[in-house]
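Heavy atoms only: backbone and side chains are in, while hydrogens, waters and symmetry mates are out.
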Amino acid sequence: MSDRTSILPMLAALLAAASAPALAAEPAKPDWAEALYNPQPDKEDLVLPMPCGGAMTFRRVAVPAEGVLDDRRVELGGGEAKFAYSENSRRDYVAGGFTDSKARNLRFFYLGKYEVTRQQFDALSGACAEPGEEARLPKVQVTWAEAVAFAGAYATWLVKNATDRLPAEEGASGFVRLPTEAEWEFAARGGIAVSDGVFVQPAFPMPEGPARYVWFQGSESANNELNAVGLLKPNPLGLYDMLGNAGEFVLDPFRLNKLSRLHGQAGGQTVKGGDFRTPLADIRSAAREEFVPVDKRGERRSPSIGFRLALAAPSLPTTQRIGTARKAWEDLPKAAAAAIAGPQDDPVKEVEVLRAAVEDPALKQRIGNLSTVIKSSIQTSNEQRARAARSEIRVGAYLARKLADDKRIIATKERQMEALSTANQQLKDGIRRALEADRAALDFNLGYYIDTLTQLNAEYPESLMLAQAEGLKREFEARDLAALNGFIDLCIRHAARLRADGKLDRPNTLGEIPAP
């Protein structure tokens, strides 16, 4: 298809394919060989059917959340000066639309495990051809509008032909669309499957070297060619080809960077991830380029830009959710205001009283704007407080684990001492000195642990601690650190006892910490 070809015929074909009666009888089980839609299968994959007996594979992207308006603050972008005009570090927020029925305080969305392939794109257009050698290549030379139309047509086909296979939220079926830039970059960096320190690195961990994870420019990698999806290793969330191979359209328009935020002008389309022509030195999760959809010759296409789909849920799937969201919104500024001495000192209430007392419309609007600013400031303070509480609980869990390790080391050395004969007095003296140092370290760490719990109780209410503890568990599970969850529970129990009794008995506290 040339750069001058109109997208209207393509849009019509996609929409017609989504509603064509002939496709309604498609079987739910894919007829394609698994290698065509999931060359690297995993038990956690979500596989959804497509027309022509095809399928598409998605991966869950988890985001801990306490309630309907809870979201996760993330630092996107990077610190390289030469890209700062576009990519300077900035704050954004992500959240999942689906509620996890098995894990408390966890929500999630889905992202395509692979870039949309030529075979998948053609199938939805009604072209049920036998797969050829290029079937698994990413679909490129596609416009952003065609990618959006493909997502809309596939969403329609799924709800008509495979509703029972779609995840749902409060009875409302999910739907596919392009991912937002924040969703895309959050997933590309590894989401909660990596630590905060790793998340902000230029790219996700690649222990076997970049050439095993990314198709980039050069003969040692892509060799200036587009490659089939799923040939290399995935990122920590099990997503393939997030960096390199084909650049990927996202839902958001392109904006320049203005220090810590995006600039107000919306331009062309945003393309993420780099491609097979990107030098290795420029491969990074923050990479974002503007793609202008037209030039003086007409519609533009690129041999290196494709897309992948996200699977999302409605924000307001039911009237009950609307009520829940309204109540949550009204409660956003209340937690901090509740700590103020008296009703007359509540800044939100005071401003609302002033607003009701004035009659001048312009002044009423200005006071209303001030109220919004105050509420926003209180909410920001609440979010910072929640993050600080989670950080303190994380420290407490690590300290409890360190105490467990200290106990194990001391027990091992004590057994060594007992096993040695008097003939090994010099060796026993060395172990004894090491034991004295280890016991002193254990005593110090125990005091640090109790001080941390004391600080937790002094700064945060029990309800906040419990909620943040559950969120921290979800993070540890995502990083294969679920073994630490028992130490989180231990911290919460010890904090509750300290709150009730006013102190912790050091020997009993240490005795309750299991040695691994």
Side-chain angles (χ1 to χ4, degrees), residues 32-47 55-61 110-121 131-140 179 183-191 193-194 198-199 201-250 271-289 302-310 478-480:
W32 291 0
E34 189 174 34
L36 286 174
Y37 63 87
N38 197 11
Q40 303 291 341
D42 184 89
K43 63 181 181 179
E44 300 296 329
D45 295 338
L46 172 66
V47 178
M56 187 175 291
T57 309
F58 294 84
R59 295 286 294 179
R60 179 189 287 205
V61 181
Y110 289 92
L111 193 63
K113 186 174 180 178
Y114 314 96
E115 294 155 336
V116 172
T117 65
R118 295 183 184 181
Q119 181 83 357
Q120 289 169 329
F121 193 85
E133 293 181 0
E134 298 183 345
R136 266 177 55 191
L137 288 175
K139 176 61 181 177
V140 292
E183 289 171 341
W184 190 99
E185 191 169 329
F186 177 74
R189 291 177 176 274
V194 298
V198 172
F199 184 89
Q201 295 302 308
F204 61 84
M206 302 180 190
E208 298 183 30
R212 296 282 288 160
Y213 298 83
V214 181
W215 293 113
F216 53 87
Q217 183 188 75
S219 56
E220 74 275 24
S221 183
N223 199 28
N224 205 39
E225 292 180 346
L226 194 65
N227 287 269
V229 301
L231 294 177
L232 299 180
K233 289 186 171 294
N235 83 344
L237 290 179
L239 300 167
Y240 289 79
D241 303 310
M242 290 296 289
L243 303 181
N245 210 25
E248 299 179 19
F249 283 126
V250 293
V271 178
K272 296 288 293 179
D275 56 57
F276 62 89
R277 301 179 298 188
T278 303
L280 176 58
D282 290 339
I283 289 291
R284 60 200 186 280
S285 300
R288 56 196 308 270
E289 298 180 3
S302 170
S304 62
I305 297 178
F307 65 103
R308 76 177 70 214
L309 297 182
R479 299 175 199 163
D480 292 329

What heavy-atom pair brings [X] and [Y] nearest, and what distance separates the two atoms?
X    : Y    : value
R189 : F204 : O-CB, 3.9 Å
S285 : K272 : O-NZ, 3.4 Å
V61  : A187 : CG2-CB, 4.2 Å
P236 : A193 : O-CB, 4.0 Å

Counting only pairs under 3.5 Å, give me each side-chain donor-acceptor contact of residues 37-47, with atom names and distances, residues two or more places apart or in other chains.
residue	atom	partner	partner atom	Å
N38	OD1	K113	NZ	3.1
N38	OD1	Y114	OH	2.7
N38	ND2	D45	OD2	2.9
Q40	NE2	G230	O	3.1
D42	OD2	E44	N	2.9
D42	OD2	R59	NH1	3.1
D45	OD1	R59	NH1	2.8
D45	OD1	K113	NZ	3.3
D45	OD2	D42	N	2.8
D45	OD2	K113	NZ	2.8

Just wondering, do [Y] and [X] contact through their side chains at under 4.5 Å, heavy atoms?
X    : Y    : result
L232 : R212 : no
L309 : V116 : yes
P210 : I283 : no
L239 : P234 : no
Q120 : W32  : yes
L111 : P179 : yes
F58  : M56  : yes
Q201 : V194 : no

Please answer whether the main-chain N or O of [Y] pairs with a side-chain N or O of [X] as donor and acceptor at a distance below 3.5 Å.
X    : Y    : answer
N245 : L243 : no
R136 : V229 : yes
D275 : R277 : yes
N235 : A188 : yes

Checklist entry - Does CD in E133 sit with more than 12 non-hydrogen atoms of other residues, nucleotides or ligands closer than 6.0 Å? => result no

Next on the checklist: Between K139 and E115, does the salt bridge (Lys or Arg N to Asp or Glu O under 4.0 Å) criterion hold? Intermediate values first, please.
Outcome noted: CA-CA 8 Å; K139 176 61 181 177; E115 294 155 336; over 6 Å; no

Item to check | By side chain to side chain contact (heavy atoms under 4.5 Å, CB included) - contacts of R60 (at least two apart) | outcome: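 Expected list: D100, F108, Y110.
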
Item to check | Pair F121-F307, side-chain contact (heavy atoms from CB on, under 4.5 Å): steps then yes or no | outcome: CA-CA 11 Å; F121 193 85; F307 65 103; 4.1 Å; yes

Checklist entry - In Å, rounded to the nearest 0.5 Å, how long is the span from OG of S221 to CG of N227? => result 7.5 Å

Checklist entry - Atom CG of L137 and atom CZ of R118: how far apart are they, to the nearest 0.5 Å? => result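 If we round to the nearest 0.5 Å, L137:CG and R118:CZ are 4.5 Å apart.
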
Checklist entry - Would you call the rings of F186 and F199 parallel, tilted or perpendicular if under 30° counts as parallel and over 60° as perpendicular? => result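 F186 vs F199 ring planes: tilted.
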
Checklist entry - Do E248 and R308 meet the salt-bridge criterion of a basic N to acidic O distance under 4.0 Å? => result yes

Item to check | Steps toward side-chain contact (heavy atoms from CB on, under 4.5 Å) verdict (Q217, F276) | outcome: CA-CA 5 Å; Q217 183 188 75; F276 62 89; over 6 Å; no

